[in-house]
Amino acid sequence: QVQLVESGGGLVQAGGSLRLSCTASGSVISINTMGWYRQAPGKQRELVASITRSESTNYADFAKGRVTISRDNAKSTVYLQMNSLKPEDTAVYYCNAARWLETATPGTYWGQGTQVTVSS
């Protein structure tokens with residue numbers, strides 16, 4: 001089993017930056033891809049960015065140029081650096097982790113989510 005705990009959410013002004021962290025515990029060696037998803041009020045949960053253990057990345061179109069995902073395998077932690085934040089980025093951001101043999105995303109494990117609110 002894997003447990004994911006997010007941190008770093010909060011209230012920021014439009015144009016500001018925020019860095020989210022997600023730390024995995026438990027059977028962390030079973031995890032390959034980790035990523036961030038978000039769910040805004042009244043909308044479907046959607047991918048923000050993902051990253052493999054070898055640091056190959058994938059970004060949603062809206063995130064390209066503003067968002068950087070990274071990970072520290074030694075710390076079992078994935079980060080999401082978000083810049084130039086917009087009010088439409090307001091959402092609950094969820095950490096996700098997939099096992100090595102999972103080809104579809106999102107993966108098996110989810111964090112509880114962290115609220116990001118961007119004010120005008």
Side-chain angles (χ1 to χ4, degrees):
Q1 294 192 15
V2 173
Q3 296 79 44
L4 305 174
V5 179
E6 304 101 330
S7 63
L11 175 65
V12 296
Q13 293 183 330
S17 299
L18 204 61
R19 191 187 193 218
L20 307 182
S21 299
C22 172
T23 298
S25 61
S27 301
V28 295
I29 60 172
S30 70
I31 297 301
N32 183 9
T33 302
M34 297 183 70
W36 290 92
Y37 290 72
R38 72 182 189 184
Q39 188 164 22
K43 296 184 178 180
Q44 297 274 310
R45 190 172 298 187
E46 63 180 346
L47 171 74
V48 180
S50 64
I51 184 168
T52 67
R53 189 174 288 271
S54 60
E55 301 185 8
S56 177
T57 59
N58 184 50
Y59 293 93
D61 286 341
F62 71 83
K64 294 177 180 177
R66 298 193 297 125
V67 172
T68 301
I69 190 169
S70 61
R71 68 189 292 168
D72 185 335
N73 290 325
K75 296 180 178 179
S76 300
T77 299
V78 63
Y79 306 94
L80 190 72
Q81 177 69 45
M82 299 187 290
N83 302 320
S84 302
L85 285 165
K86 306 172 183 178
E88 51 262 44
D89 294 321
T90 295
V92 178
Y93 284 70
Y94 296 92
C95 184
N96 177 260
R99 293 175 292 187
W100 282 94
L101 297 180
E102 290 186 279
T103 57
T105 55
T108 299
Y109 305 105
W110 291 98
Q112 292 298 307
T114 185
Q115 176 71 46
V116 171
T117 302
V118 184
S119 63
S120 300

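Worth saying up front: this structure is predicted, and the values here are computed from it rather than measured.
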Novice: Counting distance only, does the side-chain N/O of Asn32 pair as donor-acceptor with the main-chain N or O of Arg53 below 3.5 Å?
Specialist: yes
Novice: Enter the distance from Ser27:OG to Gln3:CD here, rounded to the nearest 0.5 Å.
Specialist: 8.0 Å
Novice: Please give me the minimum heavy-atom distance between Gln81 and Ser17, naming the atom from each residue.
Specialist: NE2-CB, 3.9 Å
Novice: Which heavy atom of Val78 sits nearest to which heavy atom of Ser70, and what is that distance?
Specialist: CG2-O, 3.1 Å
Novice: Can you hop from Val28 to Leu4 via hydrophobic side chains spaced under 4.5 Å?
Specialist: no
Novice: Would you say the side chains of Thr52 and Ser54 form a donor-acceptor pair under 3.5 Å?
Specialist: yes
Novice: Is there a continuous path of hydrophobic side-chain contacts, each under 4.5 Å between heavy atoms, that joins Tyr79 to Leu47?
Specialist: no
Novice: Any side-chain heavy atom of Arg45 within less than 4.5 Å of one from Trp110?
Specialist: yes
Novice: Can you tell which of Val48, Thr57, Leu20 makes a side-chain contact (heavy atoms from CB on, under 4.5 Å) with Ile69?
Specialist: Thr57
Novice: Looking only at non-hydrogen atoms, find the nearest pair between Pro87 and Ala14 and report the distance.
Specialist: CD-CB, 4.1 Å
Novice: Does one side chain, of Thr117 or Thr90, offer a donor that lies under 3.5 Å from an acceptor on the other?
Specialist: no
Novice: Do you know which two heavy atoms are closest between Thr77 and Lys75, and how far apart they sit?
Specialist: OG1-O, 2.9 Å
Novice: Drop me the distance from Arg71's CZ to Ser21's OG, to the nearest 0.5 angstrom.
Specialist: 13.5 Å
Novice: Within the structure provided, determine whether Met82 and Arg66 are in side-chain contact (heavy-atom separation under 4.5 Å).
Specialist: no
Novice: Rounded to the nearest 0.5 Å, how far apart are CG of Leu80 and CE of Met34?
Specialist: 11.5 Å
Novice: Going by heavy atoms in the side chains, are Arg99 and Tyr109 under 4.5 Å from each other?
Specialist: yes
Novice: If we ignore hydrogens and angles and just use 3.5 Å, is the side chain of Glu6 paired with the main-chain N or O of Gln112 as donor and acceptor?
Specialist: yes
Novice: To the nearest 0.5 Å, how far apart are CG in Asp89 and CG in Leu18?
Specialist: 10.0 Å
Novice: Answer yes or no: are there more than 12 heavy-atom neighbours, outside Leu11 itself, under 6.0 Å from its atom CG?
Specialist: yes
Novice: Can Ile31 be reached from Tyr94 by stepping across I, L, V, M, F, W or Y side chains whose heavy atoms are under 4.5 Å apart?
Specialist: no
Novice: For residues Lys64 and Tyr59, report the shortest heavy-atom separation together with the two atoms involved.
Specialist: CE-O, 3.6 Å
Novice: Can any side-chain N or O of Asn96 pair as donor or acceptor with the backbone N or O of Gly107 at less than 3.5 Å?
Specialist: yes
Novice: Same cluster or not: are Trp36 and Phe62 linked, directly or through other Ile, Leu, Val, Met, Phe, Trp or Tyr residues, by side-chain heavy atoms under 4.5 angstrom apart?
Specialist: yes
